[in-house]
2 protein chains.
Amino acid sequence: MVDRTSGVPAFRQVAADLREKITAGQYAPGSQLPSERDLVETYGVSRPTIRDAVNVLRTEGIVVAEHGRGVFVRPPASIQRISRNRLSREARERNEGAFLADAAALGFTPSSSVKVNFEAADNRTAGYLDIEPGDEVTVRDRVMRANGLVVQLAVSRLPRALTRGTAIEEVDTGKGGAYARLEEAGHLIGRFAEHVGARMPTPQEASALQVTPGVPVITVTRVAYGQDGKPLEMNDMVLPADRYELSYEWEAD
Amino acid sequence: MVDRTSGVPAFRQVAADLREKITAGQYAPGSQLPSERDLVETYGVSRPTIRDAVNVLRTEGIVVAEHGRGVFVRPPASIQRISRNRLSREARERNEGAFLADAAALGFTPSSSVKVNFEAADNRTAGYLDIEPGDEVTVRDRVMRANGLVVQLAVSRLPRALTRGTAIEEVDTGKGGAYARLEEAGHLIGRFAEHVGARMPTPQEASALQVTPGVPVITVTRVAYGQDGKPLEMNDMVLPADRYELSYEWEAD
DNA sequence: TAGTGGTCTAGACCACAGC
DNA sequence: CTGTGGTCTAGACCACTAT
């Protein structure tokens with residue numbers, strides 16, 4: 001029952017009570033909450049108010065609703081820990097790129113689909129790649145799957161001048177991936193930088209990554225620089241935050 | 001007006017239409033949306049349906065509602081870009097730690113409050129610090145502010161054995177911060193690792209960081225290792241994702 | 001078929017901002 | 001005082017899941 005004199009909105013009281021029962025283990029991970037109509041009777045409020053309360057927990061990612069089945073306590077997702085030393089040249093020579101390296105290390109069956117096209121650079125792209133806005137760039141748009149489930153979106157952009165006549169403009173870049181083709185063309189990679197942020201997914205990203213509402217995405221923009229310091233490639237990656245953790249390591253001095 | 005034959009829920013149609021007008025610039029950053037009662041007439045749906053639509057945009061972080069004033073297009077937050085070179089020994093010697101180094105670089109007035117206490121290590125802490133669960137750890141709980149606004153929460157834990165008799169157990173760790181005190185005590189830092197994730201804030205974090213609903217937090221667990229490879233300190237940081245971007249850089253080989 | 005969540009209505013009253 | 005968002009009601013009907 002809710003306290004009508006506290007000044008706290010009823011739906012927040014209900015949400016807080018349910019949240020407490022979940023964290024206390026009274027509703028275990030994976031278990032079903034009472035139906036909305038049952039909660040109406042338990043708390044003595046109308047159904048829209050119960051729905052407001054449940055929606056609070058949904059946007060917090062604590063529960064998921066399944067149409068026709070019920071509302072369930074979301075079990076903690078298994079997290080893939082990815083460390084960044086995977087980008088060594090040695091690893092690139094062994095296999096077909098960073099994502100397949102992860103797959104090998106983590107033991108899942110990888111697959112991906114790629115679209116290649118050519119665009120004029122927008123301001124952001126031009127800034128990262130140190131070219132003029134409007135210059136032609138090669139765009140590789142990838143959807144990566146683990147055991148059939150989409151786990152990562154990546155859009156890679158390179159100055160067209162670097163990719164002409166190479167397999168980077170093909171769907172299949174061949175053994176070692178795009179980085180290997182760059183190095184064969186004489187563009188040795190000297191340095192990587194990654195810029196990491198987080199935000200809520202766009203509707204398209206949410207459906208592509210099959211994340212439930214309330215789960216943010218991690219955004220990573222990786223820039224590969226040549227040994228002369230010139231940018232060779234930028235790669236915008238979008239990862240579901242409930243399935244990934246990124247690790248970085250460096251010497252203290 | 002909404003299309004009742006499309007099968008798409010009315011509130012999603014309204015949300016999509018508003019989102020489009022916002023990204024197209026028809027409602028500029030900082031500007032006010034039409035009132036909910038105006039939108040009721042515009043789209044021909046009831047007020048709760050309009051509220052559902054606006055709530056979609058709120059959880060996406062696109063708009064913010066201000067009670068009694070209106071709904072406003074959220075201006076892009078100014079993002080602080082933090083790169084890892086802030087942890088150089090040189091920087092540590094110049095000032096009082098990583099956060100103050102950021103402040104100096106970015107030109108805001110920093111302040112922070114600290115609580116120090118001692119706890120028994122839980123399993124996670126014991127795992128990171130390579131000690132036994134139940135061993136005593138020194139806990140430094142910090143709230144960091146920029147120009148008075150809370151921008152970062154950090155909880156630092158060290159094995160008590162390393163901090164006894166040092167200023168690390170004081171609220172004021174003195175010039176150079178906790179890392180400087182560790183090195184004075186003979187524990188030279190050899191390596192850092194950072195583990196980065198993202199999630200929705202807990203209600204406490206949301207109010208402490210004053211993030212609007214729908215903005216995720218970035219979590220960073222930094223572990224400092226001694227030159228012998230033994231963990232010296234772990235630091236759990238929570239950053240509002242709309243105000244931070246993290247950068248990491250490394251050599252290709 | 002019964003039970004579940006998903007959507008929607010047409011109101012009502014309250015709390016806050018600003019003139 | 002007016003206009004704004006915040007909360008809440010008591011229903012209704014639909015779409016999906018499971019038996």
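In this text the structure is predicted, and so the values were computed from the model without any measurement. Hydrogens, waters and symmetry mates are skipped; everything else that's a heavy atom, side chains included, is used.
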Does atom CD of A/Glu20 have more than 12 heavy-atom neighbours, drawn from other residues, nucleotides or ligands, at distances under 6.0 Å? no

Assign A/Val71 to base, sugar-phosphate, or nothing according to its heavy-atom contacts below 4.0 angstrom with the strands shown. sugar-phosphate

Name the nucleic acid region contacted by B/Pro48, choosing base, sugar-phosphate or nothing; use a 4.0 angstrom heavy-atom cut-off, strictly under. base

Salt bridge present between B/Arg140 and B/Glu233 (N-O < 4.0 angstrom): no

Closer than 3.5 angstrom, by distance alone: can the side chain of [X] be matched with the main-chain N or O of [Y] as a donor-acceptor pair?
X	Y	answer
B/Gln32	B/Arg69	yes
A/Glu169	A/Phe118	no
B/Glu36	B/Ile50	no

With a 4.5 Å limit on heavy-atom distance, are the side chains of B/Tyr244 and B/Met237 in contact? no

Side-chain contact test, heavy atoms from C-beta onward, threshold under 4.5 Å: evaluate it for B/Arg222 versus B/Ser156 and give yes or no.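 No, every pair of side-chain atoms sits at 4.5 Å or beyond.
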
Would you say the side-chain atoms of [X] and [Y] include a donor-acceptor pair closer than 3.5 Å?
X	Y	value
B/Arg58	A/Thr59	no
A/Asp122	A/Thr125	yes
A/Asp236	A/Thr221	yes

Relative to each other, are the rings of A/Tyr248 and B/Tyr248 parallel, tilted or perpendicular (30° and 60° limits)? parallel

Enter the inter-axis angle for the ends of the helix from C/dT1-D/dA18 to C/dG18-D/dC1 (five pairs per end, rounded to 10°).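 Axis-to-axis angle, ends of the helix: 10°.
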
Applying salt bridge (charged side-chain N to carboxylate O under 4.0 Å, His left out), name anything that partners B/Glu170, two or more places apart in sequence or on another chain.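 Not a single residue meets the salt bridge (charged side-chain N to carboxylate O under 4.0 Å, His left out) criterion with B/Glu170.
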
Span of DNA chain D in contact with chain A (heavy atoms, under 4.0 Å): D/dT7 to D/dA18

Near DNA chain C, which residues from residues 30-45 of chain A have a heavy atom under 4.0 Å away?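 When residues 30-45 of chain A is checked for heavy atoms under 4.0 Å from DNA chain C, the hits, listed by number, are A/Ser35, A/Glu36, A/Arg37.
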
For B/Asp3, side chain to side chain donor-acceptor pair (under 3.5 Å) partners two or more places apart: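 B/Asp3 satisfies side chain to side chain donor-acceptor pair (under 3.5 Å) with B/Thr5 once adjacent residues are dropped.
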
Protein-nucleotides 17-19 of chain C N/O pairs under 3.5 Å:
{"unit_1": "C/dA17", "atom_1": "O4'", "unit_2": "B/Gly68", "atom_2": "O", "d": "3.4"}
{"unit_1": "C/dG18", "atom_1": "OP1", "unit_2": "B/Arg69", "atom_2": "NH1", "d": "3.3"}

